[in-house]
Structures are given as C-alpha cells and as structure tokens.
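Below, each value reflects all heavy atoms present in this structure, side chains not excepted, and no hydrogens, waters or symmetry copies. Every chain is numbered from 1, with letters handed out A, B, ... down the list of sequences.
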Amino acid sequence: MLEFIISNNIVCHAVEAMLFASLSCSILGVIVTQFNVSSIGFTMAHAAFAGAAIGMFLGVNATAAAVVAGILVAILLGPVAEYSRMSTDSILGVFFGMTMAIAIFFIAYMQYLGKGMSASALLFGDVVSLYREEIYALALISIISIIFVYLFYKEISSLIFNRKIAEASGISVKPLYFAILFMIAIAVSLSLNIVGGLLLFVWLVTPAATAYQFCNSLKSMFILAPAIAGVISIAGALAGLAWSVPVAPLTAIMITSVFVVAVIISPKRKISYSKGY
Amino acid sequence: MVSSGESVIRLKNIYTAYEGAEYPVIKDVSIEIKRGEFAIIGGPNGAGKTTLLETINGMLKTTHGEVTVLDMDVGSRGRDIRKKVGYVIQNFSFDPMTPFSAEEVVLMGRYGLIGPFKKPNEEDYKKVSDAMKLLRITDIAKNPIGKLSGGQQQKVLIAQCIAKDPDILLLDEPFSNLDLLTREFVSNILGDLAKSGCTIVIVSHAFDALPDTGIRIIAMNDGRIALDETCDPGEVENKIRLVSGGIPGA
C-alpha cells in the first residue's frame with residue numbers, strides 16, 4: 001500500500017504492519033482506558049496469544065486461531081460474569097490467568113519439540129515475515145475501528161461516562177459493550193504476530209494514557225492517541241530495521257518513554273495562579 | 001399518546017427480586033400514577049424505593065406482575081420507555097479527570113432519543129441550552145463534570161433529564177447534595193414541570209422544600225406500600241415518619 005513512498009518491500013511491509021496495528025489498538029485503547037478496565041485489553045491480548053499458540057502447535061494458521069480464541073473469550077465474558085454473579089473484572093482475571101497458562105504450556109511444549117523459534121514470534125512479534133493478507137486484514141480492522149467510533153461516538157461516550165445513565169437514557173448498552181469486546185478481540189488477534197503477546201497491551205493502553213495527559217475531551221483523545229501511536233510505530237519500524245534490532249520491543253520502549261515525558265510535562269498537573277490565589 | 005389525567009404508570013401486583021436474593025425487595029405492589037402528578041416515595045432505608053423506580057423504567061425486571069408505562073409494557077419495550085422517562089440516579093460519583101464537560105453530560109440525556117447513526121441537531125442543542133438555563137448552570141457548561149461540586153453535578157444530572165423532554169421524571173434522592181435554597185429552587189422547577197403535564201416521582205428523605213402543590217405520598221415499608229394518599233406539602237414529613245415508625249434509618 002505504501003510502496004509509492006517506501007521502495008524497499010521489507011521496510012514497506014514492516015511500516016504498514018506497525019502503522020495499522022498501532023491505529024486499531026490505540027483507537028480501541030481509548031475506550032479500554034476510559035472504561036477503567038485495562039484488564040479487558042490484557043485478557044483479550046492473552047486470549048489471542050493462547051489461540052495463536054494452540055494454532056501453531058496444531059499446524060493451522062496462528063492468526064486465524066488467535067481471532068477465534070479472542071472472539072470466543074469475548075462471547076464467554078458476559079454470560080460467565082452474569083452466571084457466576086461476579087464482577088466482569090474478576091472474571092477477566094480468571095480468563096487472563098487461564099489463557100496465559102494455556103499459552104505458556106503450548107509454547108513450552110513446542111520448545112520441547114524443537115519448534116521454539118517460531119513460538120518466540122508470538123511473544124515478541126515479528127514484522128518482517130508477515131503475509132500481505134495479514135496486513136490487509138489489519139488495514140481493514142483499522143478502518144472499521146475508525147468508522148465504528150465515528151458512527152457510535154455518542155453511545156460510546158455515554159457508556160464511558162456512566163453505564164447506568166447510558167442505559168437510563170435509552171441506549172442499548174449490552175450490544176454496544178459486546179461490539180466493543182469483539183472489535184478489541186479482532187484487533188489484538190491480528191496485531192499479535194506484529195507486536196507480540198507480551199507487548200500488545202503497550203499499544204492498547206499507553207498511547208491512550210499518553211493522549212489523556214493533554215486532552216480534556218474524549219474526541220481529542222480519539223484523534224491524539226492514534227496519532228501518537230502511528231508516528232512512534234513508524235519511527236520504531238524504520239529505526240529497528242535500520243539498526244537491526246527487534247522492532248516491536250524497541251517501539252514499545254519508545255511509546256513508554258513518550259508516556260513518561262507526557263506525564264512530566266502534562267498541563268493537567270499545573271496549578272494556575274493567574275486568577276488570584 | 002396519553003392524555004391529561006390518564007394513568008401513565010400502572011403497576012399491578014408486582015414483585016421484584018435481585019439475582020441470588022432469598023426474598024423479593026418489592027412485594028405485591030399495585031399503584032397507578034397519573035399524568036402531571038407530583039409523587040414522593042418515602043420510607044425507611046431498604047424499603048424498596050430505588051428498586052421501585054428502576055422497576056418503573058425497566059432497568060430491573062419483575063419476577064411477577066405487570067408494569068405498564070406510557071401504555072407500553074416494560075418487559076418488551078423497556079428501551080422505548082426509557083427514551084421518554086428521565087431518571088436521575090442516586091449516589092453518583094464521577095472521576096475528577098473524566099473527559100466530559102457539563103454541557104456534554106446534559107446532551108447525553110438526548111442520545112437515546114436521537115438514536116444510532118445520527119448526530120445531535122439544532123433542536124437537541126436548544127433543548128440542552130434551555131435545560132441548563134432553567135437550572136442556572138450555563139456558567140459551568142464548559143467545565144469538566146468531575147471538577148464540579150456535588151450540588152452542581154446534581155443540577156447537571158437533573159438538567160440532563162429535563163433536556164430529553166420527558167413525559168415522566170423519576171428522581172432518586174435529587175436533593176441530597178443541595179443546600180436549602182437550591183432545594184427550594186429545584187423543587188419549584190419540578191413543581192412547574194408537573195403543572196405542565198410531566199409526571200414527577202421522587203424518592204427523597206428531604207421534605208423541607210416541596211413545591212406548593214398537592215403532593216401524593218407513596219410511603220413504603222419492607223417492600224410494600226404502607227401509605228398512599230395526597231396531602232399538602234407541610235404534612236408530608238409527619239406522614240412518612242409515622243410509616244417509618246419514627247426511627248431514623250429504620
């Protein structure tokens with residue numbers, strides 16, 4: 001897609017993959033962080049991680065298996081929380097532990113069988129050996145994420161503000177909540193191969209948390225978070241390939257460093273003395 | 001469309017229970033509330049007052065009985081009902097950093113009415129502006145909701161419900177964060193709304209600033225209606241005290 005700017009095919013693919021993964025994850029990350037349930041992001045990331053590990057072990061497409069596992073957890077979350085009469089956050093904790101255990105089990109077993117190298121891509125990401133179709137799928141989910149937020153902005157904002165008030169105003173809260181879970185499941189599953197299961201939530205949480213340091217409105221967060229994630233991810237891909245260092249870990253360090261700087265210089269912690277004492 | 005004087009809320013032998021609870025919170029409650037009535041639901045803590053409000057707007061499901069609001073069955077058309085019924089929740093608390101201004105929060109009251117895939121139009125913004133003028137909170141319109149005082153937040157939530165032009169307004173402890181003068185001010189607004197045909201149903205423990213109009217008292221105790229009559233504002237507190245047994249927090 002970006003060949004007209006970047007002539008080198010490997011670099012072009014890496015930049016495209018990092019750009020689209022960062023766009024979809026950071027847009028949905030704004031919802032995740034503002035809901036105050038970052039554990040949704042962690043759990044979805046690990047569900048995809050476990051699915052991909054199982055897929056790899058069985059010799060089927062790891063990305064497709066990750067998407068299936070992510071969607072399965074999204075489907076199960078609500079009913080299990082309701083049936084067990086526990087908070088969604090507690091159920092997320094249960095799923096998080098279970099999916100992490102499944103992923104570690106299969107990765108360790110593959111290492112025992114001598115397939116450890118391919119499994120390491122699931123942990124730390126691999127931007128070089130991606131199929132073109134995977135990048136197209138990521139581009140598609142990025143576009144769908146943008147359209148979804150644009151079309152349902154008022155419902156999403158109401159849900160983020162207060163779930164009970166949203167329901168009382170006549171919004172269909174449950175379908176919207178599940179739609180958000182599905183979107184997160186698909187976006188993190190497709191991003192798994194690129195940024196890795198252990199680093200995925202850096203893309204989900206940190207750009208939104210960085211944008212939050214400068215934004216007083218949800219709208220501006222939906223613009224600034226993907227802008228920050230996109231720019232740093234492109235820079236990370238170019239730097240990583242130029243210096244032959246792992247792209248995803250390098251970019252994760254860059255994103256986190258920008259967050260630390262943002263917290264330090266954030267205007268939200270400044271007190272104005274201009275209008276009296 | 002329900003005409004003046006007709007019942008807009010009809011509850012017939014309803015029971016409402018929370019999941020996993022051994023006994024229902026509301027037991028065999030039957031009431032009818034007419035268009036334009038000003039009703040106060042009183043009674044001791046745990047009597048089932050909030051549960052009754054959330055049963056009326058369909059946020060809680062009944063285990064038995066019939067609930068009809070604005071001629072619609074709550075079980076099958078709960079969301080349609082909630083578009084026409086304002087509900088001010090109790091015990092709200094907002095993160096000081098929540099990224100919404102007071103004006104945005106008032107506009108949220110109309111989101112259900114506007115429906116999916118549509119943006120708020122001029123009329124929506126006018127209703128928001130009118131509601132904020134009515135509550136005298138236009139000066140804080142652009143302020144973040146989380147940084148307002150409890151009383152200001154309370155007024156924003158009341159404005160949010162008024163902005164949706166409701167046929168029925170359910171308010172759960174709407175005076176809890178307000179000083180006496182503001183209670184009188186808000187109470188008079190609610191009294192005027194009732195006169196214009198909006199049905200007002202309030203759960204409250206503060207009876208010192210009621211509007212000068214006939215007040216219907218629905219006093220609850222242990223999930224049942226213990227008293228249901230219309231009286232003058234000055235009589236409300238004593239009647240509710242009698243039902244509560246005169247014991248605070250009983």
Side-chain angles (χ1 to χ4, degrees), chain A residues 30-31 33-37 79 81-87 147-176 179 208-209 211-225 263 266-269 271-272, chain B residues 18-21 53-54 57-60 77-101 103-120 124 142-147 153 156-157 160-161 163-164 166 170 172:
Chain A
V30 172
I31 303 174
T33 52
Q34 289 304 302
F35 257 147
N36 284 332
V37 278
E82 269 178 30
Y83 189 73
S84 63
R85 292 186 188 118
M86 289 172 74
S87 71
I147 293 172
F148 176 75
V149 169
Y150 179 78
L151 285 181
F152 295 101
Y153 177 76
K154 59 183 196 310
E155 287 83 1
I156 291 168
S157 62
S158 195
L159 191 60
I160 286 172
F161 175 61
N162 187 296
R163 190 174 171 149
K164 200 167 189 178
I165 290 175
E167 192 179 356
S169 78
I171 289 171
S172 304
V173 166
K174 262 190 185 176
L176 180 67
Y212 180 69
Q213 303 305 317
F214 302 101
C215 299
N216 287 319
S217 77
L218 191 67
K219 255 179 209 162
S220 52
M221 281 184 73
F222 273 122
I223 295 167
L224 191 58
V263 169
S266 169
K268 286 193 173 180
R269 272 162 212 85
I271 297 170
S272 170
Chain B
Y18 289 96
E19 271 186 26
L53 286 191
E54 295 193 358
N57 75 356
M59 285 170 71
L60 282 175
R77 298 191 59 192
R79 203 158 56 81
D80 292 327
I81 288 168
R82 288 193 286 278
K83 288 177 186 173
K84 297 182 172 192
V85 176
Y87 178 41
V88 177
I89 61 169
Q90 72 162 338
N91 296 335
F92 53 84
S93 94
F94 305 122
D95 180 351
M97 306 293 261
T98 195
F100 300 105
S101 67
E103 191 178 36
E104 282 177 289
V105 172
V106 176
L107 182 62
M108 282 176 194
R110 294 191 63 83
Y111 283 175
L113 273 175
I114 296 166
F117 309 115
K118 290 178 197 156
K119 300 280 170 207
D124 298 311
K142 303 293 176 199
N143 293 15
I145 180 89
K147 291 191 175 161
Q153 289 178 343
V156 169
L157 293 187
Q160 185 195 56
C161 288
K164 77 195 266 188
L170 309 173
D172 200 350

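In this structure, the portion of B/K164 lying under 4.5 Å from any heavy atom of chain A is its side chain and not its backbone. Contacts between B/F92 and chain A at a heavy-atom distance below 4.5 Å are absent for every atom of the residue. Heavy atoms closer than 4.5 Å to chain B are found in the side chain of A/I165, but not in its backbone. For B/P144, no part lies under 4.5 angstrom from a heavy atom of chain A. If you measure heavy-atom distances from A/F152 to chain B, the contacts under 4.5 Å come from the side chain alone.
Proximity to chain B among residues 215-223 of chain A is limited to A/N216, A/S217, A/L218, judged by heavy-atom separations below 4.5 angstrom.
Taking both residues in full, the closest heavy atoms of B/Y111 and A/S157 are given as CE1-OG, 3.7 Å, listed atom of the first, atom of the second, then distance. Nearest heavy atom pair, residue A/G170 against residue B/K83, reads O-CE, 4.0 Å. Taking each heavy atom of A/K164 and B/M59 in turn, the nearest pair found is CG-CE, 3.4 Å.
For the pair A/S169/B/M108, no side-chain contact is recorded, criterion being any heavy-atom separation below 4.5 Å from C-beta on. Considering only heavy atoms from C-beta on, B/E104 stays 4.5 Å or farther from A/F161 through its side chain.
The closest donor-acceptor contact from the side chain of A/K154 to the backbone of B/G115 lies under 3.5 Å. Without hydrogens or angle criteria, A/Y212 side chain to B/M97 main chain gives a donor-acceptor distance under 3.5 Å.
B/K119 forms a cation-pi arrangement with A/Y150, by the criterion of a distance under 6.0 Å to the ring centre and an angle within 45° of the ring axis.
Interface summary for chain A: among B/V105, B/I81, B/L107, B/N57, the most heavy-atom pairs under 4.5 angstrom belong to B/V105. For the options B/L170, B/T98, B/I89, heavy-atom pairs under 4.5 Å to chain A are most numerous at B/I89.
Atom OG in A/S158 sits 13.5 Å away from atom CZ in B/R110 (nearest 0.5 Å). With values rounded to the nearest 0.5 angstrom, B/Y87 atom OH is found 10.5 Å from A/E167 atom CD.
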